[in-house]
Structure formats: C-alpha cells, structure tokens
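These values consider heavy atoms only, across backbone and side chains, with no hydrogens, waters or symmetry-generated copies. Chain A is the first sequence line, chain B the second, and so forth, proteins listed ahead of strands; every chain is numbered from 1.
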Number of protein chains: 2
Amino acid sequence: MLSKKAQYAFRALSHLVDKFDQGPVLISEISKKKKIPLKFLENILLEMRKAGFLESKKGKGGGYYLAKNPSKIPVAAIIRVVDGPIAMLPCVSLYFYERCKNCDEKHCGLHDIMAGVRDATLHILENKNLQDLVRNSSKNNIFGK
Amino acid sequence: MLSKKAQYAFRALSHLVDKFDQGPVLISEISKKKKIPLKFLENILLEMRKAGFLESKKGKGGGYYLAKNPSKIPVAAIIRVVDGPIAMLPCVSLYFYERCKNCDEKHCGLHDIMAGVRDATLHILENKNLQDLVRNSSKNNIFGK
DNA sequence: AGACTAACCTACCAAATACGTAGACTTTAC
DNA sequence: GTAAAGTCTACGTATTTGGTAGGTTAGTCT
C-alpha cells in the first residue's frame, strides 16, 4: 500500500501539473485546494524538490513548480522518493536491493514470482507519468467545459 | 513490501509443501529448518489455519499440514490473510476496498493507474500457487539428486 | 487414569514507522 | 527594512511490526 504521504504527494503533484508553466504555486494554496495538512505538505514538497522533481522560489511571488515537463516524470520515480521500494521483496528490488539470507535466489520460487510481479508493475509505473495523473479529468476532455 | 510475517509464512508453507501427504509437521521442526522464531511462527500458522489453508492435529504425532493440494492455493490468498491488501490504494482494492475521499474515482488518474497495477499483479499472484514456491528447487528438478 | 505432547490462547512488550506539529531561520521582492 | 515565502531542526503521539511469556486445552499412549 502507498503511504498517506505518497498519496498526498500525488494529489499535490496533480495540482502542480494543472498549473504547469503558470509560475510558482504557494504551498498554502496546494494545502487548501487539495486538503493536505500544511506542515506535512511542506516536508513532502521539500523532499521532492531535493530529489529534483520540483523547483522552488522564496519570498513574495514564490512557491513550488515542476522542474520539468510532467510527461517526463514517471510515477515510479515519485513512489521511490516518497515511499521507497516498489517491489514486494528486498531481494527483487532494483533500487533498494538486499540479499536474502535463508534463500538462494537461484532456487527460490517466491523470488521468481515476485520478480515477475515487479516487472509487471514497473512496466506500468515507469511508463505512466505525472501528465497521466490528470488525464480523463473534465479539463482535459474535449467534451468537457 | 511484504512484511517479515508474510515472508516467514511463505518459508513455512514451502516446507509444508515439501512434506505434503506425509502427515503432520511439528511447529518446532519448521521453526528449526526454516529458522523462524518459534512463538512468532505459532501465531502465523494459527492464522493460516483459521483462514482454512492449514489443518492441525494436537497431541503426540500432531502438527500442521496443508488443508488441500498446494497447487490449489494461490499465492494471492496467502498474502491477503497475512498482510492484508495487495493493491497500492484502498480505492482499487478488491478485498479491502475503501472509498476515496477527495478523489472522484471516475476521474482520478492515479486510481486508473493503480487499478492497472492491481490487475497486472493479481494476474500473476492469483495464478501462482504454493506448488510454485518449490518449483526449480533441486528436489523437483529432473537433473537434481 | 495419568503422564505426556503439542497446538491454542491471552497478554504483554520494545522498536520502528507513520503521520503530523512547532517554531525559529533564511532568502527574496518591493 | 519589512513582509512573504520556503527551509531547517526538533519534537510528539499513535499505530504497526516483530516479537516473547506463560498458562490452557485437547489429543495420545501406556
């Protein structure tokens, strides 16, 4: 399961996608619009900035904005920064790998199964991006207002 | 990530698969062979028995054994009993569904993405079973001893 | 019947993690 | 220089995780 932190992160990001190329957005605006606890949101945005997905400006007229085009930021990358591993076992994780004690990876059935799950999951999460977060919203629908 | 409890569960189950149709297996034997803390293992096995995957016998000659053929028990079912939801969001979980506040599921990009991940994951986990846990082990390899 | 064996049950506990808050500090615009 | 905004350090509380302790109940064997 994604943590609440990760869910907040995606909600916040979807707002930044909406406002992409319209200048910095206040933390407080995101917090209000998306109903995310302000101080918690601060931490989350900061973390994503340090990871290079967001940029910020201080002082009046400041705020947060996406560091690059939303279609260039895969969902998988955000999850890794905010929540850590995507795989179901450390021994099949690509970015957070840890060797299994008590299990020879060459002959471990569970390892094989979970490697398959990882591949299937990443096939989706690496190819979906932040732009996809707001697809299907009325705003992006040609029939919508 | 699967919890340690779930990983222990699968290790224990793989031993019970090995001994399938050879009568009850002592908790203490599983604990020793698979290096799982005894009392913790007790809880795990009990939970799986209550869920119907295992049966037990008390007294001398007692122990735990699989309630049915290992090929009939999907990996997904075990995870749900031991760890709970498999999906990455409550709002896309089949067995632990919870409505999303602050997100209209009909127009939520994240929802759609995670529903896709769920489908891909379950496609594997519902079709892999306990027998697959021990496939590829030398015991089941025609070239093995 | 009595001794033994092994699962079952209730309760507890420590450490880690998740979730969130407080308040002072720094940088920037005007 | 002052107000606006993000940044930093620290803390706090609740829940989950990963166990442990010890007694109880139900079968088995002699």
Side-chain angles (χ1 to χ4, degrees), chain A residues 1-12 16 19 23-32 34-67 79 81-85 88-90 96 101-102, chain B residues 1-12 16 19 23-32 34-67 79 81-85 88-90 96 101-102:
Chain A
M1 280 280 202
L2 291 182
S3 68
K4 232 140 194 291
K5 191 173 160 193
Q7 298 180 45
Y8 287 154
F10 282 116
R11 290 236 303 279
L16 291 177
K19 304 280 184 180
V25 182
L26 292 180
I27 300 180
S28 57
E29 175 185 327
I30 303 174
S31 167
K32 247 182 201 166
K34 295 296 186 175
K35 293 182 183 143
I36 303 171
L38 181 66
K39 298 296 279 181
F40 198 17
L41 181 58
E42 274 187 20
N43 298 333
I44 297 169
L45 293 174
L46 192 55
E47 205 169 347
M48 291 196 285
R49 199 215 61 180
K50 285 178 177 168
F53 300 117
L54 299 180
E55 286 175 5
S56 63
K57 257 190 86 179
K58 288 183 176 181
K60 184 157 193 178
Y64 274 98
Y65 50 99
L66 290 168
I79 295 178
V81 162
V82 175
D83 263 9
M88 299 189 87
L89 291 176
F96 299 86
K101 36 195 165 304
N102 309 320
Chain B
M1 281 280 202
L2 291 182
S3 67
K4 232 144 193 287
K5 191 171 160 194
Q7 298 180 45
Y8 287 153
F10 283 115
R11 290 236 304 279
L16 291 178
K19 304 281 184 180
V25 182
L26 291 181
I27 300 180
S28 57
E29 176 184 326
I30 304 174
S31 167
K32 249 183 197 164
K34 296 295 187 177
K35 291 181 184 143
I36 303 171
L38 180 67
K39 298 297 278 182
F40 197 17
L41 181 58
E42 269 187 24
N43 299 334
I44 297 169
L45 294 175
L46 193 54
E47 205 168 348
M48 291 196 285
R49 199 216 60 177
K50 286 178 177 167
F53 301 117
L54 300 181
E55 284 176 6
S56 63
K57 255 191 86 179
K58 288 185 177 180
K60 186 158 191 179
Y64 275 98
Y65 51 99
L66 289 168
I79 295 178
V81 163
V82 176
D83 263 8
M88 299 189 86
L89 292 177
F96 300 86
K101 38 194 165 306
N102 309 319

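- The side chain of B:Lys4 has D:dG18 as its nearest neighbour among D:dG18, D:dT20, D:dT28.
- From B:Ser3, atom OG reaches atom CG of B:Asp83 across 3.5 Å, with rounding to the nearest 0.5 Å.
- B:Leu26 comes within contact range of the sugar-phosphate backbone alone, with a heavy-atom separation under 4.0 Å but no base atom that close.
- Look at CD1 on B:Ile36: it is 12 Å from P on D:dT20, rounded to the nearest Å.
- Of the listed nucleotides (C:dA7, C:dT26, D:dT20), C:dA7 has the atom at the smallest distance from the side chain of B:Ser56.
- With values rounded to the nearest 0.5 angstrom, B:Leu41 atom CG is found 5.0 Å from B:Ile36 atom CD1.
- Without hydrogens or angle criteria, A:Ser56 side chain to A:Tyr64 main chain gives no donor-acceptor distance under 3.5 Å.
- Side-chain atoms of A:Lys57 lie closest to C:dA29 of the nucleotides C:dA29, C:dC19, C:dC9.
- The phosphate of D:dG18 has neither OP1 nor OP2 within less than 4.0 Å of any side-chain N or O from B:Tyr8.
- Of the candidates D:dT7, C:dA7, D:dG6, C:dA7 carries the atom nearest the B:Ile27 side chain, counting heavy atoms from C-beta on.
- Each of C:dG20, C:dG23, C:dC9 was ranked by its minimum atom distance to the side chain of A:Glu42; first place goes to C:dG23.
- OP1 and OP2 of D:dA3 both lie 4.0 Å or more from every side-chain N or O belonging to A:Lys58.
- If you check D:dC8, D:dT20, C:dC19 against the side chain of B:Phe40, the one that comes closest is D:dT20.
- With distances taken from any side-chain atom of B:Pro37 to the nucleotides D:dG19, D:dC8, C:dA29, the minimum falls on D:dG19.
- Phosphate proximity of D:dC8 to A:Lys50: present, with a side-chain N or O under 4.0 Å from OP1 or OP2.
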